[in-house]
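Each remark here refers to the structure printed beneath this line.
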Amino acid sequence: MSATNSVSPLQRARSDYQPKLPLVFAQQGAAVRCVEGDCLDPLADAEAIHKLFPHTAGLPILTFEPGEGAAGKALHAGVILSGGQAPGGHNVIAGLFDGLKSLNPANRLVGFLGGPSGLVDGKQLEITAELLVHYRNTGGFDIIGSGRTKLEKEAQFDQGLEHCRKLGLNALVVVGGDDSNTNACVLAEYYRKIDAGVDVIGCPKTIDGDLKNQFIDASFGFDTATKVYAELVGNVQRDANSAKKYYHFIKLMGRSASHIALEVALQTHPNATLIGEEVAARKLTLSQVVDQLVDIVVRRAEQGRHFGVFLVPEGIVEFMPDMQQLIKELNDVLHEHEPYLKNLPTQDDRRQFLFNKLSAEAGKSFSVLPQAIQIQLMLDRDPHGNVQVSRIDTEKLLADIVEDRLREKKAQGKYHGKFSAQCHFFGYEGRCAAPSNFDADYCYSLGFTAAALLGAGKTGYIASVRHLDRPAADWSAGGVPLTTMMNLERRHGADKPVIRKALVDLNGRPFAELAARREEWAVRDCYLYPGPIQYFGPSEVCDPPTRTLQLEKGGK
Ligand code: FBP
């Protein structure tokens, strides 16, 4: 991959930005004292996880403190970017590189190309200081690319090891979400079991914000992505409030969890925000969700307001009990009849075949959906078995059904307004944005932490930088055993050890803030316009973390 020749003025100015580090690293580089704390059991299914991971379960939590680090072996590390892009990935690599060099200038870093498949296929690139100059503080994963190949089979691990040996590597850093860090954990255990001499460390990445727990404050990329979406939603709100003629249905990325929609709502105060986890808890069907939106349109019309903005998390359909049942049955039929379905000549044949295999109830839910949505629900699952929710036009589905209901109401004399919908999907727009100061600092610190963990000879850990609501100098850095975050989940008919996804906590403060204010936001126009991310200027404009993080950490 070649370095970019043409750069924008912002990119040029940004390349001079020196990301902030936790004090311990700022003062000493990555050669710091590694302090072992309590041994941590898996948060759930401890006995089973211990059995599956005899070498990496029950390890102690680690913290880096000022003081001399143990003199370690020379490190030759490989880094893999895995899964969807998230702002700050390049800074993880920069932090890792600088951290390794601070341990020993002879240490090396190579990047595996195109995600985990780069390790298996032996495709890599030497990371050098000259190359990194072009990527520091930039968005994207283009320095080495990313991919969604699932690393799960021993044959893949063995092939990867062969390439590591050829390249003289003794360490790997996997930058990814819950699924990729699950794979990193399995890889670490396997390499330790066979005494491969390759240590494996994970880093928490995903714009979705669903890789967090008591040890991980946030995944990187969530801060920047939500700021980009909040800017766009704010702009749309201003347009809606100026023209006063459209309802905007905005689908936001984030996979199953609704963290992104919730955070964007807290930053912008739209008229309605659907939260998948609430829909599931209240067992709301598609029709009931539509009723809620219709009610808001009707009440606003009574005040002469015929415009508004609704936020829709992309994974919402998976939380509606009727749709959940439908998706579950579709998954089973798609899995069981995959080759046959692939050979059917038309989409219509496939639709008909699937429909005939569904239970009466699921068939009913399927048949009320517009054809385009039926086809989208039939699309291939991703390599981890997930429905590709970013490819389902849920915002259009909701807008269509809301319009139908309003038409009925009008005919019954229960609604006298005007309704015209505009649909948007904000997702890819935010994944490669230039990282905010928060993500630039956090990612660089994560990379540095990964280097320090390798320097301390650790394997099977995820880099953990905590107290992220404080200034960077006060952040603490350390490592948490990947197995601690594991539990058993049913996947493809078998119990599999996986890192638990964090969904929106309905008892948590971010959701409580939305719940307390949404009635006012629904009927009045309380729009907030956050504007674009600021990289230069006063700290209160450039540096604040997300509302979610502030509230979760007890802030006002
Ligand atoms: P990760 O879990 O890999 O971080 O994915 C993030 C994400 O952006 C999701 O929000 C979205 O549903 C998905 O990737 C889209 O996947 P793709 O890039 O394959 O279209």
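Every number for a ligand or one of its atoms is a count from 1 in the order of the listing. Nothing fancy with the numbering, it's 1 onward along the sequence.
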Who's the nearest protein heavy-atom neighbour of [atom], and how far?
| atom | result |
| --- | --- |
| atom 11 (C) of ligand 1 | Glu314 OE2, 3.3 Å |
| atom 13 (C) of ligand 1 | Arg148 NH2, 3.5 Å |
| atom 10 (O) of ligand 1 | Asp208 OD1, 2.6 Å |

Salt bridge or not between [X] and [Y]? Use side-chain N to carboxylate O under 4.0 Å.
| X | Y | value |
| --- | --- | --- |
| Asp217 | Lys553 | yes |
| Glu513 | Arg509 | no |
| Lys227 | Glu231 | no |
| Arg518 | Glu278 | yes |

Please could you name the atoms of ligand 1 that [X] approaches to less than 4.0 Å, counting only its heavy atoms?
| X | answer |
| --- | --- |
| Lys205 | 1 (P), 3 (O), 4 (O) |
| Tyr428 | 15 (C), 17 (P), 18 (O), 20 (O) |
| Thr206 | 1 (P), 2 (O), 4 (O) |
| Gly254 | 10 (O) |

Under 4.0 angstrom from ligand 1, any heavy atom of Gly83?
-> yes
For atom 7 (C) of ligand 1, which of Lys501, Arg431, Arg391 has the closest heavy atom?
-> Arg431
side-chain hydrogen bond (donor to acceptor under 3.5 Å, both in side chains) evaluation trace for Asn271 with Tyr527 = CA-CA 8 Å; Asn271 302 104; Tyr527 305 137; 2.6 Å; yes
Return a yes/no value for Met253: is any of its N or O atoms, backbone included, closer than 3.5 angstrom to an N or O of ligand 1?
-> no
Minimal heavy-atom distance between Thr483 and Ala57, with the atoms involved, is OG1-CA, 3.4 Å
What class does the angle between the rings of Phe220 and Phe141 fall in, given that below 30° is parallel, 30 to 60° is tilted and above 60° is perpendicular?
-> tilted
